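Residues take their numbers from the sequence shown, with the count starting at 1. Note that this is a predicted model, so its numbers are computed, not measured.
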Amino acid sequence: MDILVLIGRILFSVIFLSSAVGHFTQTKQMAGYARSRGVPSPELATVASGVLLAVGGLMVLLGIWPDLGALLLVLFLLPSAVLMHAFWKESDAGSRQAEMLHFNKDISLAGAALALFALFAYAGSDLGLTLTGPLFSMN
């Protein structure tokens with residue numbers, strides 16, 4: 001089971017780490033999009049969300065307090081879904097469909113991150129192939 005969880009952690013982390021790179025290398029463009037969505041302090045929000053993505057993604061990937069890393073990703077995903085992908089505000093059918101897809105992706109990934117949090121917190125140090133055990137315990 002340990003190897004399957006490791007493979008899952010690797011695959012799960014790819015989207016967050018690649019998004020973090022985008023937040024740091026394309027800050028101006030991403031901040032412009034955030035501004036168009038009404039996000040306050042869009043440059044700061046872009047960098048801060050990039051930090052959440054990078055830290056959370058690396059924690060899950062490397063198994064360093066992976067439960068906390070999963071929670072950090074939820075902290076990014078839920079506000080991102082609501083603030084950045086408010087499909088209900090779109091009047092154009094194509095834009096509405098695209099934003100609904102991104103909204104559902106973020107909500108689904110938040111659910112997966114919560115499930116990972118529970119798995120890490122429940123399994124504790126019995127789950128191998130991590131650099132540390134979880135920070136939280138559900139036993």
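Salt bridge present: Glu43 and Arg35 bring a charged side-chain N and a carboxylate O closer than 4.0 Å. Ion pair Glu99/Lys105 not flagged as a salt bridge, since none of the NZ, NE, NH1 or NH2 atoms sits closer than 4.0 Å to an Asp/Glu carboxylate oxygen.
With rounding to the nearest 0.5 angstrom, the CD1 atom of Ile64 is 9.5 Å from the OG1 atom of Thr130. For the atom pair CD1 of Ile107 and NE2 of His102, the computed distance is 14.0 Å after rounding to the nearest 0.5 Å. Considering CG of Asp67 and OG1 of Thr132, their distance stands at 7.5 Å, rounded to 0.5 Å. From Phe136, atom CZ reaches atom CH2 of Trp65 across 9.5 Å, with rounding to the nearest 0.5 Å. If you take CG on Leu73 and CG on Leu78, they are separated by 11.0 Å, rounding to the nearest 0.5 Å. The OH atom of Tyr33 sits 11.5 Å away from atom OG1 of Thr46, with the distance rounded to the nearest 0.5 Å.
Counting all heavy atoms, side chain and backbone alike, His23 lies closest to Ser49 at CD2-OG, 3.0 Å. Here the closest non-hydrogen pair linking Pro40 and Ala45 is O-CB, 4.1 Å. The minimum heavy-atom distance between Phe120 and Pro134, with the atom names listed, is O-CG, 3.3 Å. In terms of heavy atoms, Ala70 sits closest to Ala113 at CB-O, 3.3 Å. Taking every heavy atom of both residues into account, Ala20 and Ala54 meet most closely at CB-N, 3.7 Å. Here the closest non-hydrogen pair linking Val51 and Phe24 is N-CZ, 3.5 Å.
No option in Ser18, Ser13, Ser19 other than Ser19 meets the side chain to side chain contact (heavy atoms under 4.5 Å, CB included) test with Leu53. For the side chain to side chain contact (heavy atoms under 4.5 Å, CB included) criterion with Leu129, the lone passing option out of Ile7, Val5, Ile3 is Ile3.
A continuous path of ILVMFWY side-chain contacts below 4.5 Å connects Ile15 to Val55, so both sit in one hydrophobic cluster. Note on Leu127 and Leu6: separate hydrophobic clusters, where clusters join Ile, Leu, Val, Met, Phe, Trp and Tyr whose side-chain heavy atoms are under 4.5 Å apart, directly or indirectly. When the side chains of ILVMFWY residues are joined at heavy-atom separations under 4.5 Å, either directly or via intervening members, Leu68 and Leu114 end up in a single hydrophobic cluster. Cluster annotation: Leu131 is not connected to Leu72 through the hydrophobic network of ILVMFWY side chains, with a link wherever side-chain heavy atoms come within less than 4.5 Å. Under the 4.5 Å side-chain contact rule for hydrophobic residues, Met30 and Val39 do not share a cluster.
With hydrogens and angles ignored, the 3.5 Å screen pairs a side-chain donor or acceptor of Arg9 with a backbone N or O of Leu61.
At least one side-chain heavy atom of Phe117 sits less than 4.5 Å from a side-chain heavy atom of Met138. Side-chain atoms of His85 and Asp106, non-hydrogen and from C-beta on, do get closer than 4.5 Å to each other.
Few gaps surround CZ on Phe87; more than 12 heavy atoms of other groups in view lie less than 6.0 Å from it.
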Go through it in stages, so that I can follow the logic: the residues are Phe16 and Leu109, the test is side chain to side chain contact (heavy atoms under 4.5 Å, CB included), and I'd like the CA-CA distance, side-chain angles, deciding distance and then a yes or no.
CA-CA 10 Å; Phe16 302 110; Leu109 286 169; 4.3 Å; yes
